[in-house]
Every structure is written in C-alpha cells, then in structure tokens.
Protein chains: 4
Amino acid sequence: MSSVPAFKRLPRAVREQQMLDAAVKVFSRRGFHAASMDEIAEDAGISKPMVYAYLGTKEELFVACLHREGTRMMQAIAGAAAPDLPADERLWRGLRAFFGFVGAHRDGWAVLYRQARGEQPFAGELATMRARLVEVVAGMLDHALRVEGREIAAIDLEVVAYALVGATESLADWLADHPDADPEKTATRMMNVAWLGAAQLLHGVTWRPPAD
Amino acid sequence: MSSVPAFKRLPRAVREQQMLDAAVKVFSRRGFHAASMDEIAEDAGISKPMVYAYLGTKEELFVACLHREGTRMMQAIAGAAAPDLPADERLWRGLRAFFGFVGAHRDGWAVLYRQARGEQPFAGELATMRARLVEVVAGMLDHALRVEGREIAAIDLEVVAYALVGATESLADWLADHPDADPEKTATRMMNVAWLGAAQLLHGVTWRPPAD
Amino acid sequence: MSSVPAFKRLPRAVREQQMLDAAVKVFSRRGFHAASMDEIAEDAGISKPMVYAYLGTKEELFVACLHREGTRMMQAIAGAAAPDLPADERLWRGLRAFFGFVGAHRDGWAVLYRQARGEQPFAGELATMRARLVEVVAGMLDHALRVEGREIAAIDLEVVAYALVGATESLADWLADHPDADPEKTATRMMNVAWLGAAQLLHGVTWRPPAD
Amino acid sequence: MSSVPAFKRLPRAVREQQMLDAAVKVFSRRGFHAASMDEIAEDAGISKPMVYAYLGTKEELFVACLHREGTRMMQAIAGAAAPDLPADERLWRGLRAFFGFVGAHRDGWAVLYRQARGEQPFAGELATMRARLVEVVAGMLDHALRVEGREIAAIDLEVVAYALVGATESLADWLADHPDADPEKTATRMMNVAWLGAAQLLHGVTWRPPAD
DNA sequence: GATGAATGAGCCTTCATTCAT
DNA sequence: GATGAATGAAGGCTCATTCAT
C-alpha cells in the first residue's frame, strides 16, 4: 500500500538490537520503574506488541539489557587482561579496560548496574554477574599468592576481592558522575588503592586487631 | 505490657517513630517503588492519611527514613572513633562500629542505602551523606599524612577516600546478604584492605603506571 | 497553664464572624471545591472541630458566606435606592450602590456569587437571591409602567428584569476583573444600556420580529 | 441498527466523539468537580485509560467539551447572521440562532458554560470565547454607528457589548432552567432589551448621571 | 509480521468529618 | 469550650499487558 519501503521487515536480530539500544537508553535515563514500555517502543520506532513478542516482559527486557551490556564489558576486560601476565600487570590492564569502558559508555553499563542494585527482581542476575567479577579478581590474587608460596582462606580471599570490586564500582560511579574526569587517571588511582594493599598481602603482611 | 493505652491516640512523636519503623521495614523488604503506602500504614497499625499528615509524600517518607537511619549510623561511628586517636586506631574503631551497626540492622540501613543509589530523586540526599563520610575518611588520611610530613593532591585524596568508602559499602552489602557472617571479622578484613594500602601511602610508596 | 490570655473564649457571635471572614477569603481565593476546611480553620485561627460546631458542614458554611455577603449587598442597595424616588433615579442610585459595593469588596460578593453559579448544591440558595433582585427590578419597571398608564405581561416583565440583572452581573464580573476600572463609570454605562431600552418600553415602543 | 459492529474496536475519531458526548452529559449533570472520570468513562461505554489516552486530563477533557460545544454554537450563529445584513436584522437572527441552539442543547452548552465561569482553571479558555462574542457584538454596534455617522469610545463599546452578552447569557440560563419556555420568544424579549437601547444609542441619545 | 485499540489493576494523594481527651 | 488525633472513602492518573484486525 504505502510507497515508502522504509526500514520495515528487518530481520529479527537487527530489530532486537534496536530495541535493546532503545531500552538501555531509556532505562538509563529514567530508571527501571520510571521507564515506560511506551517510551521504549516509541524510541525504538516500533510498536509495543512487537517489543513483547521479541523480548518479553519489562523485567525480562531489563535483564536482557543487563546481559548485553555486562557481556560487552566483560569482553572488554578479558580482551585486555591476558591470563598469562603477571598479577600487577593484569590488574592494571583490567582496571584500565574497565574504566575505559565505563567512561566510553557513561550512560550504559554503570547506570544500569546502579539501577539494578536496588530492585529485588534482579538480585539473582546481579549476584551472578558480580560473582564472575569477584571470582576473576580472587583468582588473580590467589594465583599471585601461590606464586609467592602463600595461601589464605577462601572466604578471606572472596571478601577482599569483594571489597576491591566494591571500590572499583564506587570509582565507576564517581567517574560516571564526573563527565570530565579521565578514565585512565581513575584507573591509576584505583591501582594505588588496590595494589599497594594487595602487594602487602602478597608479602605476608597482614593487619590484626589490637588486643582491645 | 506497655504503659501506653493500647494503640490509640498516641502522641505525635511516638506515632512518627512507629511509622518510620514500618517504613524502613517495608522499603527494605520491597524496594522503594514496589512498597505501597497502604502496606506501610497497615504495618504501622495506622491509617494512611496519618502517614501523609505526619511525614508527607512517599518520597519525603523515604528521605525521612534515610535521614533517621543515616543519622543513627553516623552517631554510632562518631561515638566510637574519637578524633584524638591515632589514624589506624581511629579507622579500626570506625569500621568496627560501622559493620557492627550494619550487622545489627541488617534489613535497615544497608538495604535502604542500596535502594537509594538507584533512584534519581534521592541522588542529592545520598550525595550529601556519602560526602560526609568521604570527607571524614579523607580528613583522617590527610591528618595522618601530615603527621608523616607528607601531602597529596586534594583530588587524589578524595578519590582514594571514595574508593575506601565504596569498598566499605560493598562489604556492608556482603554482610547484609550473609546473615551468619561476623561483623567484627568483616571489619578486620576491611582493615586489611584499607590500612595496608593506606600505610604504604603514608610512607610515600605509590604505584605508577608502566611506560606501556 | 499558659500565661498568655490571648484571644480565647470569645463570645460565640464574634467567633462566627471571624470564621465567616476567613471562609469568604478562602472560598474567594480558591473556589468552593479547592478550598479546604483546614485552610479556613487555620486562617480563622481556630481548630477545625470548632468550625463544624459553629457553622456546620462545608456546604452550610458556604451558604452562610453567601447569605452574609448577599445581605450586606442588598442592604447597601436598599439604603441607596429609596422606593419613593422616580424610577430612573432609583435605578441609577441602585446601580451606583451595587457597583460601588462590588468594587469595594472585589474578592467578596462577586467572586462567591460566580462560584455558586456552577455548583448544583447552591442552586436553590442562588435562585432565592436572584429572585429577590429580579423582583425588585421588575417591581421598579412595573411601577414606572403603571405611572405611564401601561402594563405588560408578568412573564415579560420577569424576563426583561432577568436580562437586566444578567447584564449587571456581567459588568460586575468585568469590574472584578479590571481592578483599575471605576465603579461609578461602570454604573453609568450600565444605565446607558438599561435605561435607554427601558425608557422606550415605558413609552410603549416595542420591537417585534419581522414577518420572516 | 447501526452499521458499526456493536461497540468494539471503533476508530479513534468515533470513540472521541462518544467520550465527548458522555463528558458533556456528566459535566452538565454533576458539575466539574463532582463529575468523576469513572462515571464519564462508564457512560461512554469504555474504560478510563482510553479517556486519558485520547483526551488527556480531566481539565483537558473539560476544555475539549467547551471547545466542541462552543464551536458548534458559534457556527450556528455565524450560519444565521450573515455579515451583510442590516444591524437589527443581523442581531435578531444571531439571537434567534443562539437561543435556538441553547434550547436544543439544554443540558449542553449553557450548563457547561455556567460551570466554567466559577472555576479558575478555565478562566483563560472562557475569556477567549467570550472575547470572541463581545468582539462580534461590538463590531455590529460599531458598524451600525458608523453607518449613522457616529462613533463612541472603544472602551464604552466594549462595555456595552459586554453587558449585552451578559444579558444574553443570563437569559440563556433562564431558558435552560425553564424547559417549557420558547426559545424564539426569549430571543424576541432579548431583542426588546437590546435593540431598543441600542437603537437609541444609534440615534445619539445617551443617558448621563444627574448632577447629584 | 505488525499495530491501533482496549483494559484490569493499583497506587498516591486528599478531604470532609468525627472521636477522645 | 476546645483540640490533636484519627479515618473512610473516593478520585485522578498511569502502566504493563493483550486482543482483534
């Protein structure tokens, strides 16, 4: 009927990416609850029923966004921090890649992630993603310790890794809130916090509570 | 049991506390958006209009919760970490008080705080609270540095403090999610992350990025 | 207990006037529905239950306002337009008094009256008040006609009087909306509209529809 | 009866008219505030969200009613009172059309209009509509005056027109309140009030206040 | 495959009104 | 006489979600 061929009848994969792009944009801008399916559909240039047909419920859609952005971030890090490098080098490259990614997608990953933390429905999803990160960091520490001939309890390892990840997330927030800040410099600062402490651990220095 | 004539015509101050108790509980359990004023009112054993009359809008109510719990937490910390102690002692006592508080109010403070991070309307409120914390930590570091005859740029100080606060928040989350974990042990672990690194800084050791 | 004697325990009549003053003010400013009993009570410096005890329901309160202001206005007119004056003189004095009153109470009578016209509950009350006015005007016309030895059907009299009252109300609105306008000049203009036509009627001139 | 497939999936334009019909009915019957969106939706045979989707807020809906009915009325008048007729003929036809319209829509226009006068939010909308009417009437008078070789100050013209419009509105109210009254006869009466006075003006007769 | 039309459900908020003190 | 405390009831508005075309 219409004489305009337009961008209709695109292959499914392309459409899905368009929708995810729109969804990431709207979720970041408005937050999960304030975002409306109407706005997402409109921003994607598509009708609402299509969104439901392709990507399901609002929650499922948010999870899909989280997934895609999280995977991209993990790939950026993994591509930079080769497993065969020495621990400090690996940590540095990983952090640099991470902050570079966050800086380059200022309204993507970091914001979505921040949104997700508060909402119960995404607890599981988030736990998985953070667990992957913590595991990687803990693995690095463990590996470095073993090289030094040391070892610490798995739970201590996890908690320390958790703290480092937390510090990193916090600086990612800081970076997202300071549009003019330099990602690389932020990574350097994080190294100063993380590595100086970690290096001590590696050499067997630990802090113990006073007798009280 | 109570000397109060059984749930009727209580003075305003008492009712406000009941409402805040209920609100903290419900907000923590459900999240800001999923929480309904109906449920909060019912949980407080009072009708909805009273909540509006005493504490205002849903947003205002949430902010009131944040305020009350945040103030309590700050007091717990301030009461423990006297300003005239040496830096490590102060840090240790502050952390111990903090994790003790979080552990004792596992579904109060930490969860509210987590909620607030994702929702735009509370950004300002939160920024203020975190700024207070960051300032305290940065002040401690700065003081310790000066004692050692050193000094670092204010922005570096801020970012490092920010990272430490982030690591601490992260462990607070971890603690809130692990009901059986020991607050004191968590504080010790945080000290190991924070102090070992900080002590290095105090002695003038810094990490610098490789030539690349 | 209190050492302040203040303005408490005033005689009932005084209190009622205070309340009515406040009510007129608030109703005028906000409109009947948008006005809240809270605001009225607060503005009267009295607690809400007192308002209910003295003046009853919100509707009753509004009617009371209407009554008081309407009576004042009628008195102002009646005091000016003595029944033994010739018709044109009487009309002129009446109009002058009316517009003078409206101009002097710009947010009293005219506004209340305007509010009341739209709300069903006050239809009866309003009908009564307007009927009084219409009756007065119709009486004046009838009297003048009889003096001239003429007579017209009661219903025609009523409708013409109704139209004159409507024109007057309309100019009262106009006056209320033009704070700088001069009440006396407005009265003169109304006379030009009303009396020129009426005088014709008095001399037996009437307009009839064309054959069509 | 109707060719429409029985109340389901109607095109937007149709539904909008149904909604406006229902809204006019309910607003007239209950008044703006007492009318509930629920009742309007139910009366239109449709769910509430549709009303919001198509016609917006309650206020916007009321304005839409005002617009539609006002436009219809203006068209009825404009269709009857051709601009090239002599002034008295034009006035007569305009009034006849107006009262005919009011009589035919006894619970439409006049009642809505009456509601709108009391409510602040619609002041602007109303001012515009009345200004149009006043302008037309003033234009007619001015034109007739010029034909007679006379002229009066613009503000006097406006105020007189305002008074005539007010008188007309008042009789429209009267007509709406008297279901058995004859619109044409009402128009004739209005002519007797308006034209006899206006004709005097046209011949240079004016009334002036006594020396006092 | 694609969409305009449609809705059930629910939430925040407000208000007139009344007890119990 | 006077008031702080308390509420039942309702209303506007929005949204995720799904038919019917």
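By convention in this document, chain letters (A, B, ...) are assigned in the order of the sequence lines, proteins followed by strands, and residues within each chain are numbered from 1.
In this structure, the CD atom of B:Gln17 is 15 Å from the P atom of F:dA5, given to the nearest Å. For the pair B:Tyr54 OH and E:dT13 P, the interatomic distance rounds to 19 Å; values are reported in whole Å. At whole-Å resolution of the value, CZ in C:Arg30 and P in E:dA16 are 12 Å apart. B:Leu61 places its CG atom 15 Å from the C1' atom of E:dC11, with the value rounded to the nearest Å. In this structure, the CZ atom of D:Arg12 is 14 Å from the C1' atom of E:dT3, given to the nearest Å. Distance CD (A:Glu39) to P (F:dT14): 14 Å, rounded to an integer number of Å. Spacing between atom CD of C:Glu42 and atom C1' of E:dC15 amounts to 15 Å, rounded to whole angstrom units. Separating the CD1 atom of D:Ile40 from the P atom of F:dG12 is a distance of 8 Å, rounded to the nearest angstrom.
Figure legend: cation-pi geometry between A:Arg15 and A:Tyr54 absent, as NZ or CZ is not positioned both under 6.0 Å from the six-membered ring centre and within 45° of its axis.
Distance alone, capped at 3.5 Å, places no donor-acceptor pair between the B:Gln115 side chain and the A:Arg117 backbone. Between the side chain of C:Lys58 and the main chain of C:Ala35, a donor-acceptor pair closer than 3.5 Å is present. Side chain of D:Thr57 to backbone of D:Glu60: no donor-acceptor contact under 3.5 angstrom is found.
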Q | Sugar-phosphate or base contact per nucleotide [nucleotides 15-21 of chain F; S, B, -; heavy atom under 4.0 Å] | A | BSBBBS-
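Looking at heavy atoms from C-beta onward, D:Lys48 lies out of side-chain contact with D:Ile40 at the 4.5 angstrom threshold.
Here A:Leu20 contributes atom CG and A:Leu55 contributes atom CG; the two are 5.0 Å apart, rounded to the nearest 0.5 Å.
Atom CZ of C:Arg29 sits in a sparse spot, with 12 or fewer heavy atoms from other residues, nucleotides or ligands closer than 6.0 Å.
Closest contact between the side chain of B:Ser47 and the listed nucleotides F:dT7, E:dT3, E:dA6 involves F:dT7.
Ring orientation note: the planes of A:Phe27 and A:Phe32 are close to parallel, at an angle under 30° on the 30°/60° scale.
OP1 or OP2 of E:dA6 has at least one side-chain nitrogen or oxygen of D:Arg15 nearer than 4.0 Å.
Qualifying side-chain hydrogen bond (donor to acceptor under 3.5 Å, both in side chains) partners for B:Gln17, counting only residues two or more places apart in sequence or in other chains: B:Arg68.
Axis orientation changes by 20° from one end of the helix from E:dA2-F:dT21 to E:dT21-F:dA2 to the other, with each end axis drawn from 5 pairs and the value rounded to 10°.
Residue order along DNA chain E, read from the 5' end via each residue's closest nucleotide, puts A:Gly45 first among A:Gly45 and D:Met19.
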